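All remarks here apply to the structure that follows.
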Amino acid sequence: MKDNRKKQHDNYFDLSTARSAKVTAYAKAQGASANDVGNGWYWLRSPGIGRSAVCVEHRGSFGVSGGRIDYEGGGVRPAFWLNPES
């Protein structure tokens with residue numbers, strides 16, 4: 001099942017660089033952590049194991065076993081792009 005989740009995510013973001021995300025000043029003020037190049041990790045809506053959700057780690061790789069949903073330091077990233085001009 002873990003392999004299926006990873007394949008599903010790869011359909012949307014095929015490169016780990018496309019999945020990595022910079023932590024904004026607002027997110028930092030709210031407690032999000034960042035690595036040495038300013039990237040943070042974030043949860044996906046896919047369930048992990050137990051009380052966890054699949055996450056994308058700082059460098060863009062998947063944490064398929066998941067990150068605990070009560071762990072501080074992670075972020076939330078929208079699952080869609082909104083075009084305010086449309």
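Remember, it's a predicted structure, so these values are computed and weren't measured experimentally. Computation of the quantities below employed the complete heavy-atom set of this structure, encompassing side-chain atoms and omitting hydrogens, waters and symmetry-equivalent molecules. Note that the numbering runs from 1 along the sequence shown for the chain.
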Distance (rounded to the nearest 0.5 Å) between D36 CG and R59 CZ: 5.0 Å
Determine the minimum heavy-atom distance between [X] and [Y], stating which atoms define it.
| X | Y | result |
| --- | --- | --- |
| H58 | S20 | O-CB, 3.8 Å |
| V23 | A32 | CG1-CB, 4.0 Å |
| W43 | G74 | CZ3-C, 4.0 Å |

Could you check F62 against V56 for side-chain contact (heavy atoms from CB on, under 4.5 Å), going step by step and ending with a plain yes or no? CA-CA 5 Å; F62 291 109; V56 175; 4.0 Å; yes
Does the pair V37 and K22 meet the rule for a side-chain contact (heavy atoms from CB on, under 4.5 Å), with working shown? CA-CA 8 Å; V37 296; K22 298 289 183 193; 4.3 Å; yes
